Amino acid sequence: MKDYFKQYPDTKGFFKEYGGAFLPPDLQEEMNRITDAYHAISKSHNFISELRSIRKHFQGRPTPVYYCKNLSAKYGGRIYLKREDLNHSGAHKLNHCMGEALLAKYLGKKKLIAETGAGQHGVALATAAAYFGLECEIHMGEVDIAKEHPNVVRMEILGTKVVPVTHGLKTLKEAVDSAFDAYLADSENSLYCIGSVVGPHPFPMMVRDFQRVVGIEAQEQFFEMTGEQPDHVVACVGGGSNAMGIFSGFIEDEDVELHGVEPAGLSDKNGEHASTITFGKPGIIHGFKCYLLQDEKGEPAPVYSVASGLDYPGVGPEHSMLKDIKRVKYQRANDKETIDAFFELSRLEGIIPALESAHAVAYALKLAKENPQKSILINLSGRGDKDIDFVVDKYGLPKE
Ligand SMILES: *Cc1c(COP(=O)(O)O)cnc(C)c1O
């Protein structure tokens with residue numbers, strides 16, 4: 001996989017057959033403008049040095065790599081975590097939000113616009129907007145607003161305007177439409193900011209590039225600690241941004257096995273999981289081509305995961321390609337395994353993981369048991385404070 005990043009995506013934003021941009025002409029024009037600007041600005045000395053300074057002084061990077069001695073003693077293997085939970089605001093999402101907001105500043109934009117489902121992307125973008133003194137408008141389904149009250153309050157404290165979306169099912173899909181409309185109505189002054197390695201070109205490329213810092217740091221840190229590369233790298237996959245971040249540090253080295261973990265939810269029945277790569281077929285959603293969970297009519301199917309950050313019926317085009325070329329293996333963890341892993345990491349290492357990240361931990365524990373000689377690096381994409389009430393109300397504390 002030499003020169004991987006020069007090859008993918010191609011100039012039209014394709015990762016083999018996936019990705020691209022399937023958009024109405026007015027939106028396509030906007031995406032072309034963003035692509036050109038990104039290519040010009042992201043390589044400039046000023047942009048790179050400002051982003052570097054933000055990562056160090058505002059976000060608190062580099063985040064550490066940590067050896068889990070208690071977990072390793074119990075499960076076997078040598079288990080390590082890349083601690084994105086210690087990134088400012090508690091997850092990896094700020095890595096690309098700061099990059100997108102910095103791009104907005106260089107483009108002279110005044111406002112950031114996005115949708116949010118569970119609110120994590122909204123909070124990260126609201127944080128970035130506050131830092132840069134930009135306005136921020138987050139579109140959110142009314143159903144999600146009611147469910148995710150703490151994140152709504154966080155966004156409002158940070159000075160963001162939360163726009164309730166009241167049509168259709170009043171959840172993420174309608175919020176995307178509403179945010180796109182708002183952006184098109186004012187594209188002169190605003191930048192649309194996507195929350196993962198999804199959407200039309202250039203977003204899957206841009207978001208991956210901004211997340212690459214995770215993999216670059218992790219590769220250096222792991223080598224410094226152990227004198228070798230990890231045997232396995234594991235990350236959860238919703239849209240796929242945290243996974244692309246850490247994978248990118250190792251993708252050119254085929255000795256390192258990469259595992260993306262999808263939510264297996266409650267069962268393999270339609271609507272009870274969000275295992276897009278495992279069960280999906282190629283299709284188009286939100287302006288790009290990827291593996292997609294579809295109903296009989298080819299429409300995006302309903303999805304479910306105990307971790308709301310993972311319940312998306314599509315997945316990044318790059319992951320779709322990496323599945324086909326077999327560079328990454330896509331695995332699954334169900335709700336029960338995830339909740340068990342949530343408590344194991346909390347009790348054995350003193351680290352409460354986000355439920356999204358706990359999917360990666362759950363699969364890594366299985367892998368460790370089966371491979372006691374191997375080293376495993378997990379991307380701990382976020383911290384679990386947001387999930388504690390939900391977990392304890394729904395599952396109680398483990399009986400031991
Ligand atoms: C949003 C989120 C995810 C899922 O998004 P990806 O783009 O797949 O990384 C994973 N972990 C945490 C903590 C999140 O907030």
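Ligands are counted one by one from 1 in listed order, and the atoms in each one are counted from 1 as well. Values below: every heavy atom of this structure, side chains too, minus hydrogens, waters and symmetry copies. Note that the structure is predicted; figures quoted are calculated from it, not measured.
Residue contacts with ligand 1: Gly240 is placed with a nitrogen or oxygen under 3.5 Å of a nitrogen or oxygen of the ligand (distance criterion only). Geometrically, ligand 1 and Ser357 share no nitrogen or oxygen pair separated by less than 3.5 Å.
Looking from atom 2 (C) of ligand 1 to the surrounding protein, the closest heavy atom is Lys93 NZ, 2.4 Å.
When the side chains of ILVMFWY residues are joined at heavy-atom separations under 4.5 Å, either directly or via intervening members, Ile34 and Leu51 end up in a single hydrophobic cluster. In terms of hydrophobic clustering, with Ile, Leu, Val, Met, Phe, Trp and Tyr side chains grouped at heavy-atom distances under 4.5 Å, Leu172 and Phe288 are assigned to a common cluster.
Within ligand 1, the atoms closer than 4.0 Å to a non-hydrogen atom of Gly309 are 4 (C), numbered from 1 in the order shown. Per-residue contacts place Ser381 under 4.0 angstrom from the following atoms of ligand 1 (heavy atoms of the residue considered): 10 (C), 11 (N), 12 (C), 13 (C). Numbered from 1 in the order shown, with element, the atoms of ligand 1 that lie under 4.0 Å from a heavy atom of Ala354 read 13 (C). The contact set between ligand 1 and Ser241, taken as ligand atoms under 4.0 Å from a residue heavy atom, comprises 6 (P), 7 (O), 8 (O), 9 (O). Less than 4.0 angstrom separates some heavy atom of Gly238 from each of these atoms of ligand 1: 8 (O). Less than 4.0 angstrom separates some heavy atom of Gly382 from each of these atoms of ligand 1: 13 (C). Ligand-side atoms of ligand 1 in range of Cys236: 10 (C), range being under 4.0 angstrom from any heavy atom.
Under the 4.5 Å side-chain criterion, counting only non-hydrogen atoms from C-beta, Lys2 is not in contact with Glu252.
Phe203 does not carry Arg208 over the face of its six-membered ring by the limits of under 6.0 Å from the centre and within 45° of the normal.
Side-chain contact, His232 with Tyr363: no donor N or O sits under 3.5 Å from an acceptor N or O.
Interatomic distance, Thr63 OG1 to Glu217 CD, rounded to the nearest 0.5 Å: 5.0 Å. To the nearest 0.5 Å, atoms CG (Leu266) and CG (Asp335) are separated by 4.5 Å.
At a 4.0 Å cut-off, at least one heavy atom of His92 sits close enough to ligand 1 to count as contact.
Salt bridge absent: Arg327 and Glu318 never bring a charged side-chain N and a carboxylate O closer than 4.0 Å.
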